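So you know, we letter chains A, B, ... as the sequences are listed, proteins then strands, and number each from 1. Please read all numbers here as calculations on a predicted model, not as lab measurements.
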There are 2 protein chains.
Amino acid sequence: MFIYYRIVRYKDEHKKESIIKATIKLVNDIGFVSSSVSKIAKEASVSPATIYIYYKNKDDLLVSTYIEIKKKIGMALLKDFDDTLPLKDTLLRSWKNGFFYIAENPGLFQFTEQFSYSPYGELVDKKDVEKYFEPIIKVLQTGIEQKIIKNVNFDILTTFIFFPVMILSNTRLCSNFEINEDNIETAFSLAWDAIKL
Amino acid sequence: MFIYYRIVRYKDEHKKESIIKATIKLVNDIGFVSSSVSKIAKEASVSPATIYIYYKNKDDLLVSTYIEIKKKIGMALLKDFDDTLPLKDTLLRSWKNGFFYIAENPGLFQFTEQFSYSPYGELVDKKDVEKYFEPIIKVLQTGIEQKIIKNVNFDILTTFIFFPVMILSNTRLCSNFEINEDNIETAFSLAWDAIKL
DNA sequence: ACAATAAGTGAATGTTCATTTATTATAGAA
DNA sequence: TTCTATAATAAATGAACATTCACTTATTGT
């Protein structure tokens with residue numbers, strides 16, 4: 001007869017968080033090309049080998065960081081989500097949530113932009129990300145059925161109602177767009193004109 | 001008395017072109033992170049040292065490649081440019097030019113996307129790029145003055161009338177948007193609804 | 001034919017890379 | 001307190017990196 005013990009020295013979640021934080025900071029400051037595991041380790045004040053306790057390899061670290069951020073952004077977007085409101089108001093609320101979250105966390109956003117336009121983007125299972133945005137996508141589909149918005153290819157719709165948030169939030173692309181209630185509403189009115197029937 | 005000779009072996013422009021071509025191919029295939037000078041040299045069938053005859057360093061090679069591509073895209077966009085047409089027609093023509101050029105040269109477009117969202121983007125003097133797009137920007141300004149399109153922040157305007165071309169052309173972002181006359185015109189009608197007064 | 005000079009190169013440079021190995025530190029059940 | 005599994009690490013590894021070096025090849029006016 002055998003008795004199995006489970007004696008564990010628990011992983012330090014604070015350490016994991018500081019590795020992710022260091023990854024984001026470094027990638028934003030010097031880019032993927034220059035962000036080595038040792039530099040990330042130094043920034044997080046851990047040994048390079050420690051990173052390999054929490055992540056399989058460098059790719060795993062970067063992909064996990066990306067998904068973690070996408071989850072946060074998705075949740076921010078859906079704050080106070082209420083699809084009993086008129087469609088237009090539901091969308092505008094998400095716009096505002098998105099703009100203000102990105103404005104308060106520019107590093108998170110910048111990381112995802114750089115990541116998703118690089119070949120790292122292909123390492124991500126899209127479904128792992130899309131699930132965080134599902135409710136708002138469903139709202140659009142309902143809008144088409146109720147003949148409130150144009151019945152066009154879904155890619156076209158998202159181009160005009162989601163991407164403007166990302167483009168206008170990108171200070172590199174839009175240096176003259178100041179993020180405040182008025183400007184968001186002005187921009188939103190163009191988006192709404194584009195998609196409304 | 002001295003006699004100075006000026007005897008030159010001229011640089012082989014074909015070689016320079018093959019280095020740029022190799023750079024684009026490699027960056028698209030494996031990304032900036034993995035594209036080393038030696039790999040680019042091998043792809044171009046030259047010695048790594050040869051690259052340093054044509055370019056100061058690796059950054060110079062990448063930035064030059066980017067500007068070269070932007071010039072080509074800008075010129076494609078402005079093919080048959082005619083600002084005596086109604087504003088709407090001028091813009092639609094550019095949309096079609098843009099879509100079809102990108103569709104025929106997906107590698108060029110993909111390189112610029114990856115480049116401009118990476119820290120390499122900061123190495124480029126924006127004016128070196130903007131000049132290739134100037135005529136079409138002026139058309140928009142005229143449209144505002146003539147009260148044909150909305151008088152809003154210029155960043156908002158470009159978000160709805162230029163970026164959709166880039167988003168919809170990006171197969172990674174829009175896998176369900178097929179590029180043909182009909183679909184381009186449908187997408188353009190949303191853009192026009194957004195910006196028209 | 002030859003002098004002059006730039007184009008072009010393969011190999012070597014020292015550095016940095018991602019990852020592994022060998023070892024120590026520590027938490028917690030018995 | 002003792003024991004054990006895992007966290008954590010410093011140091012080591014071989015491969016790959018950007019760039020330079022010493023050299024050869026090609027071109028062209030004289």
- Item | Plane angle bin for B/Phe160 and A/Phe160 - parallel if under 30°, tilted between 30 and 60°, otherwise perpendicular |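 Geometry flag for B/Phe160 against A/Phe160: parallel rings.
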- Item | Parallel, tilted or perpendicular, as decided by the 30° and 60° cut-offs, for the rings of A/Phe115 and A/Tyr66 |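 Judged by the thresholds at 30° and 60°, the geometry between A/Tyr66 and A/Phe115 is parallel.
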Go through [options] for me and flag the one nearest to the [X] side chain.
X: A/Ser36; options: D/dT19, C/dA18, C/dG8; answer: C/dA18
X: A/Lys39; options: C/dG8, D/dT19, C/dC17; answer: C/dC17
X: B/Ala49; options: D/dT20, D/dT19, D/dA7; answer: D/dT20

- Does B/Lys25 NZ have over 12 foreign heavy atoms under 6.0 Å away?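 Open: at most 12 neighbouring heavy atoms sit under 6.0 Å from NZ of B/Lys25.
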Integer-rounded Å distance: [N] [atom2] and [X] [atom1]:
X: B/Lys58; N: C/dT15; atom1: NZ; atom2: C1'; answer: 15 Å
X: A/Tyr55; N: C/dA18; atom1: OH; atom2: P; answer: 16 Å
X: A/Ile51; N: C/dT20; atom1: CD1; atom2: C1'; answer: 14 Å
X: A/Asn57; N: C/dC17; atom1: CG; atom2: P; answer: 17 Å
X: B/Ile19; N: C/dA7; atom1: CD1; atom2: P; answer: 12 Å
X: B/Phe32; N: D/dC17; atom1: CZ; atom2: P; answer: 16 Å
X: A/Tyr52; N: C/dA22; atom1: OH; atom2: C1'; answer: 18 Å
X: A/Lys16; N: D/dA7; atom1: NZ; atom2: P; answer: 11 Å

- Message: Suppose we screen for side chain to side chain contact (heavy atoms under 4.5 Å, CB included). Which residues come up paired with B/Lys72, at least two apart in sequence or across chains?
- Response: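 Partners of B/Lys72 by the side chain to side chain contact (heavy atoms under 4.5 Å, CB included) criterion, ordered by chain and then number, come out as B/Tyr101, B/Leu108.
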- Message: Test of understanding: with side chain to side chain contact (heavy atoms under 4.5 Å, CB included), list the residues that count as partners of A/Thr186, not counting sequence neighbours.
- Response: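 For A/Thr186 the side chain to side chain contact (heavy atoms under 4.5 Å, CB included) partners, ignoring immediate neighbours, are B/Val152, B/Ile156.
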For [N], take OP1 and OP2 only and decide whether either is under 4.0 Å from a side-chain N or O of [X].
X: A/Thr50; N: D/dT9; answer: yes
X: A/Lys56; N: C/dT19; answer: no
X: B/Tyr54; N: C/dG8; answer: yes
X: B/Lys15; N: C/dA7; answer: no

- Item | Distance under 6.0 Å and angle within 45° of ring axis: B/Lys16 vs B/Tyr55 |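 Checked: cation-pi criterion met.
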- Quick one: bend of the helix from C/dA1-D/dT30 to C/dA30-D/dT1 from 5 pairs per end, to 10°?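 Between the first-five-pair axis and the last-five-pair axis there is 10°.
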- Considering only heavy atoms and no angle criterion, is a donor-acceptor pair shorter than 3.5 Å present between the side chain of B/Ser47 and the base of C/dG10?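 A donor-acceptor contact between them is present.
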- A/Asp83/A/Lys138 salt bridge by N-O under 4.0 Å criterion: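 Looking at A/Lys138 and A/Asp83, the cut-off is not met.
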